[in-house]
Structure formats: structure tokens, C-alpha cells
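All remarks here apply to the structure that follows.
Bear in mind that the values here come from a model prediction, so they are computed numbers and not experimental data. All chains are named by letter (A, B, ...) in the order of the sequence lines, taking the proteins before the strands, and each is independently numbered beginning at 1.
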There are 2 protein chains.
Amino acid sequence: MDLDQIYAGLGDETRRRVLHVLAPGPLCVCHFQAVLRVPQARLSKHLAYLRARGLVTAERRGNWMIYALPAAPSRELAANLACLQECARAQPRFQRDLARLRRLAPTLAAPRPCGPARPAAR
Amino acid sequence: MDLDQIYAGLGDETRRRVLHVLAPGPLCVCHFQAVLRVPQARLSKHLAYLRARGLVTAERRGNWMIYALPAAPSRELAANLACLQECARAQPRFQRDLARLRRLAPTLAAPRPCGPARPAAR
DNA sequence: AATCTATATGCCCAGATCGGCATATAGATC
DNA sequence: GATCTATATGCCGATCTGGGCATATAGATT
């Protein structure tokens, strides 16, 4: 994989946060919104950016777009993602993201992953 | 150290080549010119860029400027430099740089490090 | 088909970046 | 002090970037 793409992808903090928080498993945009607390348009754009460069894969499930790290990343990408994870350990912001992600964990597997799980019928 | 600085520094190929080729030891600008085959102005600018962000240190020795990796890099920087080294192993361009660097190695310790060692008095 | 929800895109602006070319500077040497 | 060598810097143009705001689209639901 092209180092240019990788380092370009890592060149923005929002994108680094996305990649970091994606390590434990796939997420959809509304999760990113909840975890990173970043406006939706911005997220979509950065996700498109990452996707265009192969740092992330996307799959549509019904109304939701599920983003994930590539199943078989190149050596280079894998190395850099690992490096990012290590660096993140010392960064408060990344840790906060992670905390919010964990708090969200239970809903992740739900068939209706997003939104405040509006209880059944209104 | 600020991740922004690090990843910004790594965001350009010329700079990555500089950092890569600096791993074995300090170099001065004319070495970079010989090894990377890049116009001098461009090199100076990228070196200034790296220096301003603390990815590289510089020391004047007579007429020459000696650039080196920081003596005590932060965890983050160290991790990323290591990662870069690993990535470089698969990149032909980086390998060519390294080859030229090795061919240059004998002159590195000379008191007159640069230029084609114009033999003593002309 | 109207509507709702989740996500993507277009437009615009401000600022950063990179490269080339020419030129300036610092220090050594004559 | 004139000159040479090694390096740095200024200016310019082209390109990219990131953000906000508004709006478009895709699919689900009624």
C-alpha cells in the first residue's frame, strides 16, 4: 500500500480518532457521532476520505453505513495502525473517546444500532 | 509530543526519506543532496520544517549544518520512526536512498564531510 | 407517495502546503 | 575585503485541505 495514502489519512486528528476508535470493531456513523462528538457532515467527509484511500471499508446495512478497518491490511497499514494505538494511550482525547465507546458497547450488536433506542412503539 | 506535529512531519515523502536516511546517524545537507538527489532549496525547506516541529535537531559545524534525529525522542516519535523504518523496507525508493547512503559512508566521519573531497591542495 | 432517518455532497472560504527559481546569509579561505 | 562554499529564505503560483452550512440522496416506515 502507498505510504502517501496512509500518512495522508493519518494527517488529521479527526481521522486519527476515527481509526483509533475503530480498532475494537466496526461502527456506523451515528456511533462516531456519539463517541467523537463531531458534526455529522464532517464525519461523513472524513470517512469518505479514508475510504477513498483504502484505510477503511464501508458496507451498507439497511439505512446504516458500517465502517470498519480493512480485513487484510497491508503490512504498512497494520504497522501504522498499531503505532497509532500505542500513541493514543497517552492522549487524553483518545482515551475519552474510548471511554464513550465502551459505554456504548452494549448497543453495538443490536439490530437497530443507532439512535437512543426509542423503546419499541412510540 | 504532539501527534499533530509528528504526522504532519511524516506527511510528505521527501521528509519521510530524510527521516529514514537519518536513522543510522547524523548527516549534513550535502549528504542529503547526494543521497536523496533532491534540489537543495527543497531540502533546506523540509529540514527547516522538521526542525521547527522538533522531529530533527540541527547543529552548525563550521560551514556545515549537521542534522540528526532527536537524542531523546518522545515515545510517540520513537514509535513512529520505528514504524517508518519498517515500512521503508518494502519501498524501493527508500532502499535506493539507503544504498547510496552506504556508498557514502566512508566519507561521513571525515573532517571535511562534503563535496567530492577535492584532494588536498589543488 | 409522503415522510422520516441516516448519511452523503455541494458550495464557499480561509489557510496550509509544496515546488521552482532567484537571492540572501554565514562562515571559511585567499 | 573579496570570494567561495554550504545553506537558508523570499516570492510566486498551483493545489490541497478542513470546516461550516445547506441540501441532496437512499432506504425504511407509514
Q. Just checking B:Phe32: base, sugar-phosphate only, or nothing, at a heavy-atom cut-off of under 4.0 Å?
A. nothing
Q.
Which nucleotide wins on minimum distance to the side chain of B:Cys28, given the candidates D:dT7, C:dC21, D:dT17?
A. D:dT7
Q. With nearest nucleotides of DNA chain D determined for B:Leu43 and A:Asp12 from heavy-atom distances, which residue corresponds to the more 5′ nucleotide?
A. B:Leu43
Q | Residues in contact with DNA chain C, drawn from residues 13-24 of chain A - heavy-atom cutoff 4.0 Å | A | none
Just list the side-chain donor-acceptor pairs under 3.5 Å for residues 68-84 of chain A, sequence neighbours left out, or say none.
{"from": "A:Ser74", "atom 1": "OG", "to": "A:Glu76", "atom 2": "OE1", "distance (Å)": "3.3"}
{"from": "A:Ser74", "atom 1": "OG", "to": "A:Leu77", "atom 2": "N", "distance (Å)": "3.1"}
{"from": "A:Arg75", "atom 1": "NH2", "to": "B:Glu86", "atom 2": "OE2", "distance (Å)": "3.1"}
{"from": "A:Asn80", "atom 1": "ND2", "to": "A:Glu76", "atom 2": "O", "distance (Å)": "3.2"}

Q) Restricting to pairs with a member in residues 10-26 of chain A, which pass salt bridge (charged side-chain N to carboxylate O under 4.0 Å, His left out), not counting sequence neighbours? A) A:Glu13-A:Arg93, A:Arg16-B:Asp4, A:Arg17-A:Asp97
Q) Whole-Å distance between D:dT25 P and A:Met65 CE? A) 17 Å
Q | Euclidean distance, atom NE2 of residue B:His46 to atom C1' of C:dT17 [Å, nearest integer] | A | 9 Å
Q: Please figure out whether A:Gln33 or B:Gly62 has its closest DNA chain C nucleotide nearer the 5' end.
A: A:Gln33
**Q.** Value rounded to 0.5 Å, distance of NE2 in B:His31 from CZ in B:Arg100
**A.** 14.0 Å
**Q.** Set of salt bridge (charged side-chain N to carboxylate O under 4.0 Å, His left out) partners for B:Asp2, sequence neighbours left out
**A.** none
Q) Counting side-chain heavy atoms from C-beta on, which of C:dA6, C:dC21, C:dT9 comes nearest to A:Ala41? A) C:dT9
**Q.** Protein-nucleotide distance (A:Glu59, atom CD; D:dA26, atom P), rounded to Å
**A.** 18 Å
Q: To the nearest 0.5 Å, tell me how far B:Leu27 CG sits from B:Leu101 CG.
A: 6.0 Å
Q) Is B:Tyr67 near enough to D:dA8 that one of its side-chain N or O atoms lies under 4.0 angstrom from OP1 or OP2? A) yes
Q | Distance in angstrom units between B:Tyr7 OH and C:dT17 P, rounded | A | 17 Å
Output a table of nitrogen or oxygen pairs between the protein and nucleotides 11-13 of chain D separated by less than 3.5 Å.
none

Q) In chain order, what residues pass the side chain to side chain contact (heavy atoms under 4.5 Å, CB included) check against B:Ala52, with sequence neighbours excluded? A) none
Q: Report yes or no: does A:Gln95 contribute a side-chain atom to a donor-acceptor pair with the main-chain N or O of A:Ala88 at less than 3.5 Å?
A: yes
Q) To the nearest angstrom, how far is A:Leu47 atom CG from C:dT7 atom P? A) 10 Å
Q) In degrees rounded to 10°, what angle is found between the helical axes fit to the five outermost pairs at each end of the helix from C:dA1-D:dT30 to C:dC30-D:dG1? A) 0°
(Q) Show every salt bridge (charged side-chain N to carboxylate O under 4.0 Å, His left out) that has at least one partner inside residues 46-59 of chain B, sequence neighbours left out. (A) none
Q: Not counting sequence neighbours, list each pair that qualifies as a salt bridge (charged side-chain N to carboxylate O under 4.0 Å, His left out) and has a residue in residues 23-35 of chain A.
A: none
Q | First of A:Arg42 and A:Arg60 reached from the 5' end of DNA chain D, by closest nucleotide | A | A:Arg42
Q | Length of the line joining B:Gln40:CD and C:dC21:C1', which is rounded to integer Å | A | 12 Å
Q. Just how far, in rounded Å, is C1' of D:dA8 from CG of B:Asn63?
A. 12 Å
Q.
Please report the distance, rounded to the nearest Å, between OH in B:Tyr49 and P in C:dA16.
A. 11 Å
Q: Just jot down the ring pair (Phe, Tyr, Trp, His ring centres under 6.0 Å) partners of B:Phe94, sequence neighbours excluded, or say none.
A: B:His20
Q. Can you list the residues that meet the side-chain hydrogen bond (donor to acceptor under 3.5 Å, both in side chains) rule with B:Thr14, with sequence neighbours excluded?
A. none
Q: Would you please name every residue forming a salt bridge (charged side-chain N to carboxylate O under 4.0 Å, His left out) with A:Arg61, sequence neighbours left out?
A: none
